[in-house]
Amino acid sequence: MPEPTQYSKDYLRHRLLATDKGSSLWTDGWGRLKNNTLAIVSLGILCCFCFVALFTPIIAPYGYEEQNLILGAVPPSLDHWLGTDIFGRDMLTRIMYGSRISLAVGFLASAVAVFIGVLWGSIAGYFGGRTDIFMMRLVDILYALPFMIFIVLLMVVFGRSMLLLFLAIGAVEWLTMARIVRGQVLDLKQQEFIEAAISLGLSHWIVIYRHLIPNILTPVIIYTTLTIPSVMLLEAFLSFLGLGIQPPESSWGLLISYGVETMEEYPWLIFFPGLFLSITLFALNFLGDGLRDALDPRASKD
Amino acid sequence: MFHFISSRFFQSIPVLLIVITATFFLVRAAPGGPFSAEKSVPPEVVKALEAQYRLDQSIWQQYTSYLVDLSRGELGPSFRYPGRTVNELIAAGLPVTAELAFYALLVAVFFGVSAGVYAGLKPNTIHDYLPMSVAMIGICMPSFLIGPLLVLLFGIELEWLPVSGWGSTPGDKILPTLTLGLGYAAFIARLSRGGIIEVMTQDYIRTAKAKGLPSRVIVLKHALRGGLIPVVAFLGPAFAGLLSGSFVVETIFQIPGLGRFYVQAAFNRDYTMILGTTVFFSALIVLFNLLSDIIAVWLNPKLRQQYRSNK
Amino acid sequence: MCDQKKFKITTINIFLLLIMLGSSSGCSRGESNVTTGNRNGILHFGNGTDPQELDPHIVTGIPEHHILTALLEGLVAKDPKTLEPIPGVAKEWRISKDKKIYTFTIRDDALWSNGDPLTAHDFVWSWWRALQPKLGNQYAYMLFPIRNSEAYTKGKIIDFSQVGVKALDDLTLVVTLENPTPYFLQLLDHYSMFPLHRATIEKFGKAHERGTLWTRPGNYVGNGPFTLKEWHLFKSIDVVKNPYYWDAKNVSLNGIKFHPIENVTTEERMFRLGQLHKTASIPIDKVQVYKTNKPHLLHTYPYLGNYFYRFNTKLPHLSDKRVRRALAMSIDRKQLTTSVTKGGETPAYTFTPPNTLGYNAKDGFSFDPAKARALMSEAGYPKGEGFPVTQLLYNTSEGHRKIAVAIQQMWKMHLGVDIVLSNQDWKVYLDSVNNGNYAIARAGWIGDYVDPNTFLDMWISKGGNNRTGWSDSRYDDLISKQAPVALDKVERYSIMADAEAILLEDMPVLPIYIYNSKSLVHPSLKGLQPNILDYVLYKNLTLDPALSKEKVN
């Protein structure tokens, strides 16, 4: 591959994408990302939140269930930086523990979505023909269904276990991923190295696993970063309706739903969880956008 | 065109059937029945109630009876409102939800498209960054955050607008519509911005500019059409999203709409109501998707071409 | 360059917004419901959940009760202050010496809302209908004191003429009871005993058909102070003054609009905006606010109900009554009602609320952590060691959770026992309790009528509402055999007090507090008399337009 020295930026990007060599794509992508201040700041914030979430049991100022019934709900003060709720529980602690659940659901449910989506899309795109048509028709149909209704039903029927929550949310979000992956695979299929691998006699599954999937990592990563906020929103939505996380655990969505009830008297109960949720969603979206600009600028914005 | 419509229509029927069956059995599997009561009920009374709702039949008999009724358009008696059929309840709640969704869609489309086109016409300038950042806020703040905040500000602090009900006090439709619509406005803004940018780089736009057409004409006649296509394609999922968004908005603003009843019915194990609403919503969404697909094909000559050649 | 286009789009947006605003009927804030209501004599009544139906033989809820007492009237009504029976449709009655035969004389000016005269035959037919098993009337048991009624409903007797209710003539109704039932007159004011218009019901279907069209506005025929004008599903139910009501001249309201508002926070906001004269309830966190700033708007009064926990006495570690008593004695109810529930409820040391029409049981225990600890040690769990982790079940609600969490902490603190909380949806929770799938479960019981029997007959061995697995033959004997035949109130109350003492000694249930009714009332609404049943006699209510502008915000 010729050394890209004097070509225009657009051409460079185009050429980069045409290669299969992940390394130069990565380093160049990272370089580009570094220029995007917003994305870097977002990354920083997210790392911060994840760190706090991981170490919450150690660094939280109060116990999770530590109540102070006499105190009741008080606005932010020196003792309680973000105030307390109606049981007298410290909000900072509650938000920190809530972040564990919200982020965990976000990452894990997205992982489920990515797993199913990648598998589905690769198989559809790779085998093509009738398989492709059938699988993608299914995706189209499922895309149109009122999933919310099913999730509500599932949650009500099977009780609210966290595991079920992951599965249910993941089951909704895999569709977009499948579509994107299929598109990518269709593109890649035209590449020579795939034909070469097949003519060498490698089984389909090895081709998919060893050659296809590593090369679609880029869009997968981008869209995973964009799936996580969708998932977190969905979880918050369900918790708000009373169908998601149940006490004693709490997620940001649940904290917000408590805050809504008393938002006149104790506005900090909705303000702070809402703030943290929004910041996380912002950060994830900016990071996703930034990654997309850096790694796959050819893709349309939506 | 007709072939397209009819083939899509027939494809939807098995989908609906799957939805109905899945919901039917899911609902029956839920713990807690509709007649669980706090005061103990004499067994004779329970038997009478179950007989009336066919709960004493085998589940397959119930299923087939339900399908038969469904084919006649009857969604069954409600468990919670003994004197009403599900049809009646849906008819009572639907106009409210439909109005809410319609206004929200209007808000979303008009604010979204105007913001998106405005931003897309001058990409990577302040005219682009500002609206798009605001749009980002709309996407990242869920409706159940925007709603209460709007309520806090406009309803309680400033006391400009009522905070509950729909159609009972003047102005009480504004906050719920904004809450539901703004999130979608943001998303549509991004979509149309992308669409406009892509279209503006097309050759035929450059030709029109070279021909000396005023920009207003260019945008309105040519670019807008192309820029609207991604928006139209999104209308189907948007509608589904608006329906589910209505669950939350109707809960926050105590609006007597179908979304809120669905959630309540689920909690109350009102089997027929759950089934009926699910079937109804699914049918609506399938219909709406069909419509949006048709409009997309009609709007986009390329797709039309593609379809014809695929036939 | 694109300004003109932007302008066009902006104008379209503004135009649409105006359409929206306009379609919400008018741009001004408009008059509040209270103002227009006071002027027109319409009461705006916050009514909690949307009523399921308006057929008194099908429904079971309190929101329905408020509407049914406007549309219908029973033989006997209640004085709102003393809750003693006063004449309703029956202008007088005689009770036989053995207290088993009641003879009612019905007013000769009692009419249905379509002008038909109301006769004793209407009562006979209505009670026949109430007992039809096909109807699924969950309150059929209210009629069971009548001789052979229970047997009839259960199918043991087929001939209704054997049931103890007869119309001697158009205006005389004779009721024969199984046992002297001192609270029988109380029962007559429950909606399951109200008369129904036979011709109307039979016009729209068979008598035992549930949910026919007879309850719709325009079809509904009742004998109460109001008639049904409009029924907007999920929005409101409107009733207007019934000119055929025998006491119409004493009814000063022209109509009532019942607003079904489930969310208490929303209801309170509506009250502050002047949209309601009276709310059904009040958010817990607002009680203190009103007590301090606007006490004249807050109406609280003890309510005939008990908030308690059930014990599953079949579980080995809960089968020992010392354990149960210890758990009961280590709850600081005073702190609970002051800091947690904050509604001014009364701590409960008995199961029947104090002063239930003169009945006062002796406190069965007190808050005594030291004694509780001693009892636990005696039972084999010193300092809580060895006591298995026990589940406390409640139906999903922040209020119940608050209380459960507080009690969980108290038990840990005083006894060293570990409790795990579990919450389930209402229907699931009901199933769990009914099937015995619980260890300790939260419960509440509202009295159906003002008499200790409604609280005590739950716990007999065969009682469908028992669900604890506890039974005591002495208790059964006192409640089922001795109390019903006692002829004298003092004797009867003393028998019941003895029974309650047994209940409180064994403690299969853990009383926590006595309910409180709380509501916000606009100053322009006069005539509300607080009582232990939260019973409202609409005849006594008046609206004062001069007070429309009173500040409630």
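All chains are named by letter (A, B, ...) in the order of the sequence lines, taking the proteins before the strands, and each is independently numbered beginning at 1.
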Between side-chain atoms of residues 17-25 of chain B and protein atoms elsewhere (two or more places apart, or another chain), which donor-acceptor pairs fall under 3.5 Å?
unit_1, atom_1, unit_2, atom_2, d
B:T21, OG1, B:L17, O, 2.7
B:T21, OG1, B:Y63, OH, 2.6
B:T23, OG1, B:V19, O, 2.6

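Of the inter-residue distances, the one linking B:M141 atom CE with A:L275 atom CG reads 9.0 Å to the nearest 0.5 angstrom. Distance CG/B:L145 to CH2/A:W252: 11.5 Å, rounded to 0.5 Å.
Neither the backbone nor the side chain of A:I279 has a heavy atom closer than 4.5 Å to any heavy atom of chain B. The parts of B:F247 that come within reach of chain A are both its backbone and its side chain, each placing non-hydrogen atoms under 4.5 angstrom from that chain. Contact of B:I252 with chain A is made through the side chain alone, with heavy-atom distances under 4.5 Å.
Ring pair B:F144/A:F237 is tilted by interplanar angle, where 30° to 60° counts as tilted.
Ranked by heavy-atom pairs under 4.5 Å with chain A, the list B:P142, B:G245, B:G259, B:S143 is led by B:P142. By number of non-hydrogen pairs under 4.5 angstrom with chain A, the leading residue of B:I274, B:T251, B:I137 is B:I137.
In terms of heavy-atom proximity, A:N285 sits nearest to B:C140 at ND2-SG, 3.1 Å. Of all heavy-atom pairs spanning A:M263 and B:V151, the tightest one is CE-CG1, 3.7 Å. Contact record, B:I139 with A:L233: O-CD1, 3.9 Å, taken as the closest heavy-atom pair.
For A:F282, the CZ atom is densely surrounded, since the number of other residues' heavy atoms within 6.0 Å is greater than 12.
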